[in-house]
S.K.: 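Let me begin by handing over the structure; questions about it come next.
Each chain gets a letter, A, B and so on, in the order the sequences are listed, and its residues count up from 1. On a predicted model such as this, the values are computed, not experimentally measured, just so you know.
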Amino acid sequence: MNYALERFTTEVREAIAATGQAEVGQIELTTPRPNIPADLAFPTFRLAKERGLVAPQLAADLAAAIRVGDNSLIGKVEAVGPFLNFSMHPERLAVAVVSEILATGTCYGTHRDGHAQRVVVDYSAPNIAKRMHVGHIRSTIIGQAIVNLYRALGYEVIGDNHLGDWGKQFGVVLASVEHEGKPEGVGEAALEALEAQYARFAAAAKDDLTLDELARQWSLRLEQGDPQARELWQWSVDLTMEAAQRNYDRLGVKIDHAYGESFYEPMLAGVIQEALACGVAYRDAGGAVVIENLQNLPTFLLQRSDSGTLYMTRDVATIVFRMREFSPQKIVYVVGEPQALHLRQLFALIRAMGYAAGVELTHIAFGTVFDAQGQPLSTRRGNMVYLEALLDDAVRRARAVVEHKSPDLPEAEKDAVAEAVGVGAVVYNDLYQDPKRNITLDWERMLATEGNSATYLQYSYARCRSLLRRAREDGGEGPSGELALLVHPSEVRLIKHLARLPEAVREAGARYAPFVVADWCYTTAREFGVFFEQCPVLKAETPLLRGARLSLVAATAQALHNGLSLLGIQAPERM
RNA sequence: GACCCCGUAGCUCAGUGGAUUAGAGCGUUUCCCUGCGGAGGAAAAGGCCGUGCGUUCGAAUCGCACCGGGGUCGCCA
């Protein structure tokens, strides 16, 4: 796809090159700040320096020498000081942008950059036998947005849910089930009961050595593949995933695989052997397998002195497996910032072992969630917020607003809108800013219905759809092709912004930053708001203008919908 | 002690080498429903871009040092 904005950029580059005063490679273009009345600029500082010229003079000379074709998207060329400024041709831009959005539909904004390339995204990773909480929501939501973005960029994306389904704590889980039986209920309620059971057993085992021994036995039986232990373990996995799936469905999350840590158990001995054999690791006096002096990173372990394996061991095996199974060009980890060092060590080790050569290994480190008092959320502090409850609460609050704003909607639709608005607010709270920032769980901010909020974006979409619906109903001029009429300043601004979705998608992908798309959506809603205020659509001065404006509204709705889908946010037709 | 992330308006955040006036939202103070969804739009007030030194024709943006906040540092994940 060669979008209008890309064609414009190419035309500018070629026009400059055609003057014979600059090589194509020397032409670095920038997007001017909003207060500059231009759409693309060529700062001539560098070229002037190379040629021993004065920048403003060079810019003026270039401006005089540039020739623009009859059907060019370039409207105006102007030298302003040392800058050579290019503006788009408003009428031709309107025709190009609006028609390409309507023609490409849900594909508008996508690319083929990643053609024949594969990306593995590691995200969500809930712990088995526990409820998902706010700590998992960030990985899940940001991860899914990254998956969506890379699919939109044309990559083949493989999502993998690296379940926390292994480790010493399972001995306690299984022992507690033997002790108290399986908890009643389903979903998160059952998991909550299981967590309580776990806590009771763990507390009791502190004073009762026979209980402690029981847990140890179960842990051992599980590792040795004992059928009964395995069956109980599988039951806890199923129970957890069933609950997780409800949350995933609501969040629009779909993860291709869920191998989980347990899957790699058979590969671990081999990984340790290999690390020892190739000399990056050694076995110390205590029997632990140690890696030190690796790229100035702190020393770390690949195997415990009691011969047990570690998170690191399983993560190495995971990369080995992913390379063999998927041959990806990139592996992306959507994991919290506290694990940054662990992942640097992992990446360094895997490279030292000769794996993943030429493969991009990326850690998208997201910040920690704090409560309103600035405390980290934790079970022990008792301030933990669980995902299902969070979503339910958000939806409940949204339902009250819907009831107040749109009392005439059918009840079922009110429910659907509340679900979209409530869940959308939770999702947007994780996507509207740079993931690496720590965030405070602020209900007011999260469930805001004004300003830079999911609700505002959904509202803008609903207004677009409402206009189009009413246009069909009143029998007047429908969306039409007289797009060159769209030259009102607020129309031009909106169109220019709509033209930027494709590059926003690219930038968001390159930076692993969904907020770039969120920002684009927000600005779209703002520009549409201004247009809506200043330009009557249904009662436009002429039928032709009405048709053109309806086309612009349709294009805005389509582009906004595409942007929101990338973020995983639903857009109701009315609300 | 070492390393990583952050520090921009009262609050939450964009902007990370270039253009008279560093942008949004929330909050505050005003306006705009005889025109389509007011979950909207307009305007005002509010900033030594943590501090200092440096690099550069040019620094919120790059480098160094410091200060403040968050985090991590062999047998958890």
S.K.: Evaluate whether the aromatic ring of A:Phe83 and the six-membered ring of the B:rA19 base sit under 5.5 Å apart, centre to centre, with an inclination under 30°.
M.R.: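 According to the criterion (under 5.5 Å, under 30°), yes, A:Phe83 stacks.
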S.K.: Does A:Arg463 make a side-chain N or O approach to OP1 or OP2 of B:rG41 shorter than 4.0 Å?
M.R.: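 No, outside the criterion.
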S.K.: Quick check on B:rG69: syn or anti? Syn means the glycosidic torsion is within 90 degrees of zero.
M.R.: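 Anti for B:rG69; the angle lies over 90° from 0.
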S.K.: Using the C1' atom in both, what is the distance from B:rA59 to B:rU51, to the nearest Å?
M.R.: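 Rounded to whole Å, the distance is 16 Å.
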S.K.: Using atom C1' of each nucleotide, how far apart are B:rC75 and B:rG69 to the nearest Å?
M.R.: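 So the two C1' atoms sit 31 Å from each other.
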S.K.: When the C1' atoms of B:rG68 and B:rG52 are compared, how many Å lie between them, rounded to an integer?
M.R.: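 After rounding to an integer number of Å, I get 15 Å for this pair.
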S.K.: Quick check: does any side chain N or O of A:His497 sit under 3.5 Å from a backbone N or O of A:Leu494, one acting as donor and the other as acceptor?
M.R.: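 Side chain of A:His497 to backbone of A:Leu494: no pair is present.
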S.K.: What about the rings of A:Tyr311 and A:His342, do their centers lie closer together than 6.0 Å?
M.R.: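 Between A:Tyr311 and A:His342, the centre distance is under 6.0 Å.
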S.K.: Is A:Asn296 atom CG crowded by more than 12 heavy atoms from other residues, nucleotides or ligands, each under 6.0 Å away?
M.R.: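 Open: at most 12 neighbouring heavy atoms sit under 6.0 Å from CG of A:Asn296.
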S.K.: Tell me whether the OP1 or OP2 atom of B:rG18 has a side-chain N or O from A:Arg46 closer than 4.0 Å.
M.R.: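 Negative; the distance criterion is not met.
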S.K.: Whole Å only: how far is the CG atom of A:Leu297 from the P atom of B:rA2?
M.R.: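 The answer, rounded to whole Å, is 17 Å.
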S.K.: How far, in whole Å, is B:rG71 from B:rU8 if one measures between their C1' atoms?
M.R.: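 Straight-line distance between the two C1' atoms is 22 Å.
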S.K.: Check the surroundings of atom NZ in A:Lys496: do more than 12 heavy atoms from other residues, nucleotides or ligands lie under 6.0 Å from it?
M.R.: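 Correct, the count exceeds 12.
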S.K.: Between B:rC76 and B:rA22, how many Å separate the two C1' atoms, rounded to a whole number?
M.R.: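 Straight-line distance between the two C1' atoms is 45 Å.
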S.K.: Considering only side-chain heavy atoms of A:Pro298, which listed nucleotide, B:rA39, B:rC73, B:rG37, is closest?
M.R.: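 It is B:rC73.
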S.K.: Take A:Leu346 and A:Ile319 through the test side-chain contact (heavy atoms from CB on, under 4.5 Å) and record every step on the way to the result.
M.R.: CA-CA 9 Å; A:Leu346 170 67; A:Ile319 295 184; 3.9 Å; yes
S.K.: For residues 438-450 of chain A, which residue pairs pass the salt bridge (charged side-chain N to carboxylate O under 4.0 Å, His left out) check, not counting sequence neighbours?
M.R.: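 For residues 438-450 of chain A: none.
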S.K.: Return the polar atom pairs (N/O with N/O) between nucleotides 56-65 of chain B and the protein under 3.5 Å, or none.
M.R.:
{"residue": "B:rA60", "atom": "N6", "partner": "A:Arg33", "partner atom": "NH2", "Å": "2.3"}

S.K.: Can a side chain N or O of A:Lys436 be found less than 4.0 Å away from OP1 or OP2 on B:rC6?
M.R.: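 So the side-chain polar atoms of A:Lys436 do come within 4.0 Å of the phosphate oxygens OP1 or OP2 of B:rC6, strictly under.
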S.K.: With rounding to the closest Å, how many angstrom separate the P atoms on B:rC48 and B:rG23?
M.R.: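 Rounded to whole Å, the distance is 15 Å.
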S.K.: Using whole Å, what does the distance between atom C1' of nucleotide B:rC4 and atom CD of A:Gln339 come to?
M.R.: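 One finds 14 Å between C1' of B:rC4 and CD of A:Gln339, rounded.
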S.K.: Please report, rounded to the nearest Å, how far the P atom of B:rG25 is from the CZ atom of A:Phe515.
M.R.: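 About 18 Å, once rounded to whole Å.
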S.K.: Please state the P separation for the pair B:rC4 and B:rA9 - nearest whole angstrom.
M.R.: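 Comparing P positions in B:rC4 and B:rA9 gives a spacing of 26 Å.
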S.K.: Between A:Thr455 and A:Ala340, just flag the one whose closest nucleotide in RNA chain B comes earlier from the 5' side.
M.R.: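 Looking at the nearest nucleotide for each, A:Ala340 comes out on the 5' side.
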S.K.: Does RNA chain B take part in any stems of at least 3 consecutive Watson-Crick or G-U pairs (both distances under 3.5 Å), and if so, which ones?
M.R.: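 Ordered by first number, the stems with RNA chain B (at least 3 consecutive pairs each) read B:1-7 with B:67-73, B:10-13 with B:23-26, B:28-32 with B:40-44, B:50-54 with B:62-66.
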S.K.: Strictly below 4.0 Å: does A:Arg574 bring a side-chain N or O up to OP1 or OP2 of B:rG37?
M.R.: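 Looking at the OP1 and OP2 atoms of B:rG37, neither is under 4.0 Å from any side-chain N or O of A:Arg574.
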S.K.: Looking at A:Thr368 and B:rG70, is any side-chain donor or acceptor paired with a base atom of the opposite kind under 3.5 Å?
M.R.: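 Result: no qualifying N/O pair found.
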S.K.: What is the ring orientation for A:Tyr428 with A:Tyr432, classed by angle as parallel under 30°, tilted 30 to 60°, or perpendicular over 60°?
M.R.: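 Answer is parallel, since the angle falls under 30°.
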S.K.: On a plain distance test, is the side chain of A:Glu533 in donor-acceptor contact with the base of B:rG40 below 3.5 Å?
M.R.: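 Looking at the base of B:rG40, it does pair with a donor or acceptor on the side chain of A:Glu533 (distance under 3.5 Å).
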S.K.: Among B:rC4, B:rA14, B:rG70, which nucleotide has an atom closest to any side-chain atom of A:Asn438?
M.R.: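 Out of B:rC4, B:rA14, B:rG70, the nucleotide with an atom closest to A:Asn438's side chain is B:rG70.
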S.K.: Could you tell me how far apart A:Phe528 (CZ) and B:rG37 (P) are, to the nearest whole angstrom?
M.R.: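 Value for this atom pair: 10 Å.
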S.K.: Using only side-chain N and O atoms of A:Tyr461, determine if any of them is under 4.0 Å from OP1 or OP2 of B:rG37.
M.R.: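 So the side chain of A:Tyr461 is outside the cut-off, no N or O lying under 4.0 Å from OP1 or OP2 of B:rG37.
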S.K.: Report yes if at least one side-chain N or O of A:Arg526 is closer than 4.0 Å to OP1 or OP2 of B:rG25; otherwise report no.
M.R.: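 So the side-chain polar atoms of A:Arg526 do come within 4.0 Å of the phosphate oxygens OP1 or OP2 of B:rG25, strictly under.
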S.K.: Rounded to whole angstrom units, what separation is found between the CD1 atom of A:Ile36 and the P atom of B:rG15?
M.R.: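 Between P of B:rG15 and CD1 of A:Ile36: 19 Å.
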S.K.: Pick the C1' atom in B:rA60 and in B:rA14, then give their distance to the nearest Å.
M.R.: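 Nearest-Å result for B:rA60 against B:rA14 at atom C1': 12 Å.
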S.K.: Aromatic contact between A:Tyr456 and A:Tyr461, with the criterion being ring centroids under 6.0 Å apart: yes or no?
M.R.: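 Aromatic pair excluded; centres sit 6.0 Å or further apart.
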S.K.: Is the NZ or CZ atom of A:Arg131 positioned over A:Tyr386's six-membered ring, under 6.0 angstrom from the centre and within 45° of the axis?
M.R.: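 Flagged: A:Arg131 positioned over aromatic ring of A:Tyr386.
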S.K.: Within less than 4.0 Å of OP1 or OP2 of B:rC76, is there a side-chain N or O belonging to A:Arg304?
M.R.: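 For A:Arg304, the contact criterion (side-chain N or O under 4.0 Å from OP1 or OP2 of B:rC76) is met.
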S.K.: Remember a base hit wins even if backbone is also touched, and classify A:Ala41 as base, sugar-phosphate or nothing at under 4.0 Å, heavy atoms.
M.R.: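 Base, at least one base heavy atom under 4.0 Å.
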S.K.: Is a donor-acceptor pair below 3.5 Å formed from side chain A:Asn85 to base B:rA19, judging by atom type as modelled?
M.R.: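 By the distance-only test, yes, there is a pair.
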S.K.: Among B:rU12, B:rC36, B:rA39, which is the nearest nucleotide to the side chain of A:Gln433?
M.R.: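 So the side chain of A:Gln433 is nearest to B:rU12.
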S.K.: Phosphate oxygens OP1/OP2 of B:rU12: is one of them under 4.0 Å from a side-chain N or O of A:Arg437?
M.R.: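 No, outside the criterion.
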S.K.: Within a reach of under 6.0 Å around CD of A:Gln570, are more than 12 heavy atoms found that belong to other residues, nucleotides or ligands?
M.R.: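 No.
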S.K.: Is the A:Phe321-A:Phe263 ring centre distance short of 6.0 angstrom?
M.R.: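 Yes - the distance between ring centres of A:Phe321 and A:Phe263 falls below the 6.0 Å cut-off.
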S.K.: Rounded to the nearest 0.5 Å, what's the gap from OG1 on A:Thr523 to CZ on A:Arg493? Could you check?
M.R.: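 Spacing of OG1 (A:Thr523) from CZ (A:Arg493) equals 9.5 Å.
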S.K.: Stacking between A:Tyr432 and B:rC13, defined as ring centres under 5.5 angstrom apart with planes under 30°, is that present or not?
M.R.: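 Here A:Tyr432 fails the 5.5 Å or the 30° condition.
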S.K.: Respond yes when some side-chain nitrogen or oxygen of A:Lys539 is under 4.0 Å from OP1 or OP2 of B:rG35, and no when none is.
M.R.: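 Indeed not, no polar side-chain atom of A:Lys539 lies that close.
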S.K.: Starting at the 5' end of RNA chain B and moving along, which residue's nearest nucleotide shows up first, A:Gly529 or A:Leu301?
M.R.: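 Upstream on the strand: A:Gly529.
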S.K.: Quick one: A:Met312 CE to B:rC73 P, roughly how many Å, whole number?
M.R.: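 Distance, rounded to whole Å: 11 Å.
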